[in-house]
Amino acid sequence: MKLVIVVPCYNEEEVLPETTAQLSRVLDGLRGKKAIDQGIILYVDDGSKDTTWRLVQKYATENPYVKGLKLAHNVGHQQALWAGLEWASQRADAAVSIDADLQDDVDAIGTMVDYYNRGVDIVYGVRRERKVDTFFKKGTALAFYRLMRNLGGEIVYNHADFRLMSRRTLLALMAFPERNLFLRGIVASMGYPSAVVYYDRKERFAGESKYPLKKMISFALDGITSFSVRPLRYITYLGLFFMLIAVFAIFYGLFSYVEGSALPGWTSLLVSMWFIGGAILLACGIIGEYVGKIYKEVKQRPRYFIENETD
Ligand code: UDP
Ligand code: MG
């Protein structure tokens, strides 16, 4: 079987030598025990501004495993990963995606391949514990996974983009025409036999994170809005709730009016404020329902994938 390891790189000159050494060692080991016949390390240079591409070119001539793709512009981690997976879907039996910075355990790749050889299509790398992450990153990540689940998005807990995918799942992935990519969500929504490999997440080997807080938040929002139209429905609920308050306000206003404790004009203002507010929100929510439907249609996601068929 032919395995491609897809590694998106953005300004990763500091880690590339070590990453290449470690991944080559892993592929040597897997070939040694006949778990794979052929291995490729595919570096996808996501428009780096440092010497990343020059390094990749150098390794490609010295190291028989290494190949490189250079994207013309920085398109972001998810799109760069997609480029590599698309390349792999046409050439490999399975692809493993991993970050360049060696935070994910390269030795877990062996276990993933074992699962693949036993017929599993998708193997998720899941972080066992976030010892090295800051309290803040841990907390926000946890909150995000919860929120995403509650909003109905399928997601594998504590899994990022370290996973193995078989060729047929790669081809299935290519059937998603959407441009707003949240790969871990798409892959989890596809189905197919899957397994989980646990590993300890390490410190970045060198260099600094290419995901500052701003990018992290925008990525999280992307994930939620790519997989859930429920926030739109919540507007409807909020509208209904405010209308309900308006009903109470009407009674309260009228009661105060009859009782004589209301200032002139207060009753009509109070009542109309709640009523109009509620009506506007309700109207937004109803429009939102249609917007949600349109959103689902324009994404043109595939309807289903066949896992098996009788002869
Ligand atoms: N990356 C990329 N394009 C970008 C940003 C990041 O290809 O615009 C790559 C980066 O080189 C790394 C991976 O995505 O291989 C994950 O980035 P990083 O390790 O900085 O994220 P963190 O682990 O801090 O969340
Ligand atoms: Mg990292």
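Order of appearance sets the numbers: ligands from 1, and atoms from 1 within every ligand.
- Q103 OE1, 2.7 Å is the protein heavy atom nearest to atom 23 (O) of ligand 1.
- A salt bridge between D37 and K2 is absent, with no side-chain N of the basic residue lying under 4.0 Å from a carboxylate O of the acidic one.
- Checking S209, A141, A160 against atom 24 (O) of ligand 1, the nearest heavy atom belongs to S209.
- A salt bridge is absent between R204 and E208: the closest approach of a Lys/Arg side-chain nitrogen to an acidic carboxylate oxygen does not fall below 4.0 angstrom.
- Here the options are L173, D93, D121, I306, the test is side chain to side chain contact (heavy atoms under 4.5 Å, CB included), and the partner is R168; only D121 passes.
- Near K210, meaning under 4.0 Å from one of its heavy atoms, ligand 1 places the atoms 5 (C), 6 (C), 18 (P), 20 (O).
- No donor-acceptor pair closer than 3.5 Å links the side chain of N11 to the backbone N or O of S48.
- Protein heavy atom closest to atom 14 (O) of ligand 1, with residue, atom name and distance, is H77 CD2, 3.1 Å.
- The distance from ligand 1 to the heavy atoms of D101 drops below 4.0 Å at these ligand atoms: 18 (P), 19 (O), 23 (O).
- Here the heavy atom of the protein found nearest to atom 25 (O) of ligand 1 is K137 NZ, 3.5 Å.
- The closest protein non-hydrogen atom to atom 1 (N) of ligand 1 is Y10 CB, 3.7 Å.
- Within ligand 1, the atoms closer than 4.0 Å to a non-hydrogen atom of A100 are 15 (O), numbered from 1 in the order shown.
- Here's the thing with A80: none of its N/O atoms is less than 3.5 angstrom from an N/O atom of ligand 1.
- Ranking the protein heavy atoms by distance from atom 3 (N) of ligand 1 puts D46 OD2, 2.6 Å first.
- Atom CG of N180 is separated from atom CD of Q78 by 11.0 Å, given to the nearest 0.5 angstrom.
- With R204, E12, Q79 as candidates, the residue nearest to atom 11 (O) of ligand 1 on a non-hydrogen basis is E12.
- When each atom of ligand 1 is checked for a heavy atom of N74 under 4.0 Å away, the hits are 3 (N), 4 (C), 8 (O).
- Residues W266 and Y252 bring their aromatic ring centres within 6.0 Å.
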Working for side-chain contact (heavy atoms from CB on, under 4.5 Å), residues T19 and F205: CA-CA 9 Å; T19 309; F205 177 75; 6.0 Å; no
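- Taking a 4.0 Å cut-off on heavy atoms, Q78 fails to register as neighbouring ligand 1.
- At least one donor-acceptor pair under 3.5 Å links the side chain of S228 to the backbone N or O of L151.
- Distance alone, capped at 3.5 Å, is enough to place a donor-acceptor pair between the S272 side chain and the L269 backbone.
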Side chain to side chain donor-acceptor pair (under 3.5 Å) evaluation trace for T20 with N63: CA-CA 9 Å; T20 308; N63 182 327; over 6 Å; no
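- A salt bridge links K210 with E12: at least one charged nitrogen is closer than 4.0 Å to a carboxylate oxygen.
- Looking at D104 and R201, a side-chain N of the basic residue comes within less than 4.0 Å of a carboxylate O on the acidic one, giving a salt bridge.
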Side chain to side chain donor-acceptor pair (under 3.5 Å) assessment of Y43 paired with K70: CA-CA 8 Å; Y43 286 122; K70 182 178 180 357; over 6 Å; no
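- Numbered from 1 in the order shown, with element, the atoms of ligand 1 that lie under 4.0 Å from a heavy atom of P8 read 7 (O), 9 (C), 10 (C), 11 (O), 12 (C), 15 (O).
- Taking distances strictly below 2.8 Å, the protein N/O/S atoms close to the Mg ion (ligand 2) are D101 OD2, Q103 OE1.
- Of all the heavy atoms of D99, the ones lying under 4.0 Å from any atom of ligand 1 are found in both the backbone and the side chain.
- Within the structure, the closest approach of K215 to ligand 1 falls below 4.0 Å when heavy atoms are considered.
- Close approach of ligand 1 to R201 is summarised as follows: ligand atoms under 4.0 Å from at least one heavy atom of the residue are 23 (O).
- With F219 as the aromatic partner, R184 does not meet the cation-pi criteria of under 6.0 angstrom to the ring centre and within 45 degrees of the ring axis.
- Summarising the contacts of atom 21 (O) of ligand 1 with Y211, F219, Y43, the nearest heavy atom is found in Y211.
- Judged by distance alone, the side chain of S209 and the main-chain N or O of Y211 form a donor-acceptor pair under 3.5 Å.
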